[in-house]
Structures are given as structure tokens and as C-alpha cells.
Colleague: 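Can you keep this structure in mind? I'll have questions shortly.
Along the sequence shown, the residues carry numbers beginning at 1.
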Amino acid sequence: MRERHGIEVEWANEALEDPDALRIDPDPASRSGRSVRTIGNSTKAGYIVTVITVEEAGTTYGVNGWKSNEIDIRRYREERP
């Protein structure tokens with residue numbers, strides 16, 4: 001994530017732990033239907049982060065993450081519970 005999108009693991013974890021995070025399961029862009037899109041705030045990054053995770057054998061792995069685009073920011077602000 002750091003090399004491709006400039007997202008630190010700490011920022012991704014903070015977004016995943018955001019109590020107001022929006023979780024979309026499955027991720028609408030997932031080819032396999034196994035990944036989950038989480039859109040959450042990272043105060044350390046200073047912006048909203050989109051994180052893609054997959055679960056395997058009971059463990060959740062972060063596979064990608066980036067600074068959220070306008071669509072995901074709107075989703076975060078309007079669609080979360």
C-alpha cells in the first residue's frame with residue numbers, strides 16, 4: 001500500500017477501526033466476490049481512506065488501500081449507519 005498508494009499500514013488500520021466506517025461486503029469492484037471495502041477516517045493521515053480486505057481461515061488481511069476518491073467520500077458521509 002505504501003509503495004503503490006502512499007498509505008501507511010497504521011492509517012489503514014485506523015480507518016478499519018473507525019467506529020463510523022462504512023463496510024461494503026462484498027466490495028462492488030471485487031472480481032472474486034470475497035473482498036470487503038471499508039471506508040473510514042484516518043486522523044493520522046488527515047483524510048478518509050478506502051481499504052480492501054479479505055478473510056482467509058478466520059484471519060482478515062489488508063490487500064490494498066488508498067486515499068478515498070469523491071465517490072467513496074460521499075458514501076462515507078451519506079451511507080454509513
Side-chain angles (χ1 to χ4, degrees):
M1 283 188 280
R2 182 182 307 126
E3 291 178 21
R4 289 187 68 194
H5 300 289
I7 298 294
E8 298 292 331
V9 171
E10 183 178 18
W11 302 348
N13 287 337
E14 190 176 31
L16 290 169
E17 294 169 0
D18 176 1
D20 295 322
L22 174 64
R23 286 169 181 75
I24 305 169
D25 184 4
D27 174 15
S30 175
R31 291 185 200 152
S32 68
R34 293 181 49 221
S35 62
V36 176
R37 178 178 296 233
T38 301
I39 306 165
N41 188 47
S42 169
T43 56
K44 292 178 182 172
Y47 47 80
I48 297 170
V49 175
T50 299
V51 182
I52 305 301
T53 58
V54 295
E55 185 177 322
E56 193 164 305
T59 302
T60 300
Y61 296 96
V63 295
N64 211 344
W66 54 85
K67 181 178 181 177
S68 297
N69 61 27
E70 290 180 28
I71 294 168
D72 281 352
I73 292 170
R74 186 172 355 106
R75 284 177 170 160
Y76 177 80
R77 291 186 175 142
E78 296 175 4
E79 296 179 25
R80 54 193 174 139

Colleague: Heavy atoms only: give me the nearest Arg23-Thr38 pair and the separation to one decimal.
Modeller: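 Arg23 and Thr38 have their closest heavy atoms at CG-OG1, 3.6 Å.
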Colleague: To check you understand the geometry: which heavy-atom pair defines the closest contact between Ile7 and Gly65, and what is its length?
Modeller: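 It is CG1-O, 3.7 Å.
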Colleague: Can you name the closest pair of heavy atoms from Ser30 and Gly33 and give their distance?
Modeller: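 For Ser30 and Gly33, the tightest heavy-atom pair comes out as OG-N, 2.8 Å.
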Colleague: According to salt bridge (charged side-chain N to carboxylate O under 4.0 Å, His left out), who are the partners of Arg77, at least two apart in sequence or on a separate chain?
Modeller: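 None.
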Colleague: Any pair with a residue in residues 37-51 that passes salt bridge (charged side-chain N to carboxylate O under 4.0 Å, His left out), sequence neighbours left out, goes on the list, sorted by first then second residue, please.
Modeller: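 Sorted pair list: Glu10-Lys44, Asp27-Arg37, Arg37-Asp72.
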Colleague: Within a strict 4.5 Å, meaning less than it, do heavy atoms of the Ile52 and Trp66 side chains meet?
Modeller: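 Counting from C-beta outward, Ile52 and Trp66 do come under 4.5 Å.
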Colleague: Not counting sequence neighbours, which residues clear side-chain hydrogen bond (donor to acceptor under 3.5 Å, both in side chains) with Thr43? List them please.
Modeller: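 By the side-chain hydrogen bond (donor to acceptor under 3.5 Å, both in side chains) rule, Thr43 matches Glu14.
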Colleague: Under the side-chain hydrogen bond (donor to acceptor under 3.5 Å, both in side chains) test, which residues partner Asp18, sequence neighbours left out?
Modeller: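 So Asp18 forms a side-chain hydrogen bond (donor to acceptor under 3.5 Å, both in side chains) with Tyr76.
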Colleague: What's the spacing between Ile39 CD1 and Asp20 CG if we round to 0.5 Å?
Modeller: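 Going from the CD1 atom of Ile39 to the CG atom of Asp20 covers 13.0 Å.
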Colleague: Could you list all the salt bridge (charged side-chain N to carboxylate O under 4.0 Å, His left out) pairs where at least one residue sits in residues 55-65, not counting sequence neighbours?
Modeller: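 Sorted result for residues 55-65: Arg34-Glu56.
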Colleague: Listed by chain and number, what are the side-chain hydrogen bond (donor to acceptor under 3.5 Å, both in side chains) partners of Thr53, not counting sequence neighbours?
Modeller: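 For Thr53 there are no side-chain hydrogen bond (donor to acceptor under 3.5 Å, both in side chains) partners, ignoring immediate neighbours.
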Colleague: Can you tell me which residue among Asp25, Ile24, Asn64, Val54 is in a side chain to side chain contact (heavy atoms under 4.5 Å, CB included) with Ser35?
Modeller: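 Running side chain to side chain contact (heavy atoms under 4.5 Å, CB included) over Asp25, Ile24, Asn64, Val54 with Ser35 returns exactly one hit, Val54.
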Colleague: Tell me the closest heavy-atom pair linking Ala21 and Ala15, and the distance in Å.
Modeller: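 Closest pair (atom of Ala21, atom of Ala15, distance): CB-O, 3.8 Å.
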Colleague: Do side-chain atoms of Arg74 reach the backbone of Asn69 as a donor and acceptor pair under 3.5 angstrom?
Modeller: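 It does not hold such a pair.
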